[in-house]
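Following: one structure in structure tokens, then a few remarks.
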Amino acid sequence: MRNIVLLISGGGSNMAAIVAAAQREDWPGTLGACIAGVISNRADAGGLELAREAGLPTAILDHRSYARREDFDSALAQQIAQWDRGGSVPALVLLAGFMRIVSPAFVALHQGRLLNIHPSLLPAFPGLHTHQRAIDAGCRFAGATVHEVTAELDHGPIWGQAVVPVLPGDSAERLAARVLTQEHLLYPRVVKAFLRQSGG
Ligand code: GAR
């Protein structure tokens, strides 16, 4: 069985979409994969409640309790490894609205099994405030990207993208909401493709 560990910081709607797809489509039976747990770096992340309601193990690791990024990341890695005991292949780690930059050591440890969803059509608009930047640039289309995580922020091989129109008079909030509905379809779809391709 291949484990999946999700890392969140906020509302957790992408996490919930993946959990719902895994249940609805019986990922353990059809893909040999199951959700092992959800880690948040914030105790007040709304997604934690959603994860608990889904009956999933959760962990809170507050990055502010660690002096260095590397220390926080090794605590993350330890929690992932703890849930992963018993998995026949190392866990797939999914950043789902996880608003921390992960260290090169963390990336190296999970190389080839670490995915992120980013709310822009990469390589355009890495970093923050993607929707306002797309509006300001006069883009006619915006969207989201699921990519493998590498040491360079919001880079790495692209596994899937979803495109939405930017409508006249859009605010960043309206555009973000339009993109987010597509993220909920895109991320589970890409995770399935990734699992199939990586033999999980
Ligand atoms: C999503 O739009 C995701 O793409 C974005 O945060 C939101 C999280 O929503 N991620 C990033 O900006 C990562 N740099 P969610 O918590 O409801 O899934």
Side-chain angles (χ1 to χ4, degrees), residues 1-43 45-63 65-66 69-118 146-151 156 159-160 183-184 186-200:
M1 186 64 68
R2 180 120 199 223
N3 285 327
I4 298 173
V5 176
L6 289 133
L7 273 54
I8 65 168
S9 299
S13 66
N14 277 293
M15 176 273 297
I18 290 166
V19 169
Q23 285 175 350
R24 192 175 60 240
E25 298 165 1
D26 183 25
W27 286 10
T30 58
L31 289 166
C34 69
I35 316 280
V38 176
I39 304 174
S40 173
N41 66 308
R42 297 180 56 111
L48 282 170
E49 196 47 45
L50 296 178
R52 290 186 198 113
E53 279 167 16
L56 293 170
T58 58
I60 299 162
L61 294 174
D62 188 338
H63 58 279
S65 311
Y66 300 86
R69 184 183 301 282
E70 290 72 18
D71 299 335
F72 172 64
D73 283 3
S74 50
L76 278 181
Q78 272 175 33
Q79 179 62 70
I80 293 167
Q82 190 178 318
W83 280 333
D84 201 22
R85 266 188 245 121
S88 53
V89 262
L92 178 59
V93 180
L94 304 177
L95 309 185
F98 186 64
M99 302 307 281
R100 302 295 304 165
I101 294 172
V102 288
S103 60
F106 184 89
V107 173
L109 189 62
H110 302 92
Q111 196 175 6
R113 52 191 182 88
L114 181 59
L115 296 178
N116 178 46
I117 188 157
H118 180 76
V146 177
H147 64 97
E148 265 179 73
V149 177
T150 58
W159 274 77
E183 292 184 41
H184 298 160
L186 173 70
Y187 211 175
R189 195 171 72 226
V190 169
V191 171
K192 278 193 289 182
F194 191 89
L195 286 167
R196 286 200 184 103
Q197 199 146 322
S198 58

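Only a predicted model underlies this, so the values are computations on that prediction, with no experimental measurement involved.
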Do Ile80 and His110 have side-chain heavy atoms sitting under 4.5 Å apart?
yes
Hey, is the main chain of Ser103 close enough, under 3.5 Å, to the side chain of Asp73 for a donor-acceptor pair?
yes
Is there a donor-acceptor pair under 3.5 Å between the side chain of Ser88 and the backbone N or O of Met1?
yes
Between Glu25 and Lys192, does the salt bridge (Lys or Arg N to Asp or Glu O under 4.0 Å) criterion hold? Intermediate values first, please.
CA-CA 10 Å; Glu25 298 165 1; Lys192 278 193 289 182; 3.0 Å; yes
Considering the options Leu94, Ile4, Val93, which one meets the side-chain contact (heavy atoms from CB on, under 4.5 Å) requirement together with Leu115?
Leu94
Surrounding CZ of Arg42 (heavy atoms of other residues, nucleotides or ligands, distance under 6.0 Å), is the total greater than 12?
no
For Arg69 and Ile101, indicate whether the former's side chain and the latter's backbone hold a donor-acceptor pair under 3.5 Å.
yes
If you look at every heavy atom in Tyr187 and Leu95, which pair is closest and at what distance?
OH-O, 2.9 Å
For Gly32, does its backbone N or O pair with a side-chain atom of Arg2 as donor and acceptor, under 3.5 Å?
no
Close side-chain approach of Val191 and Trp27, heavy atoms under 4.5 Å:
yes
Minimum heavy-atom separation for Pro90 to Asp84, with atom names?
CA-OD2, 3.4 Å
If you compare all heavy atoms of Asn14 against all heavy atoms of Ala96, which two are closest, and at what distance to 0.1 Å?
CB-CB, 4.2 Å
Distance in Å, Thr58 OG1 paired with Glu49 CD, rounded so as to fall on 0.5 Å steps:
9.0 Å
Aromatic ring pairing His147/His118, orientation class (parallel under 30°, perpendicular over 60°, tilted between)
perpendicular
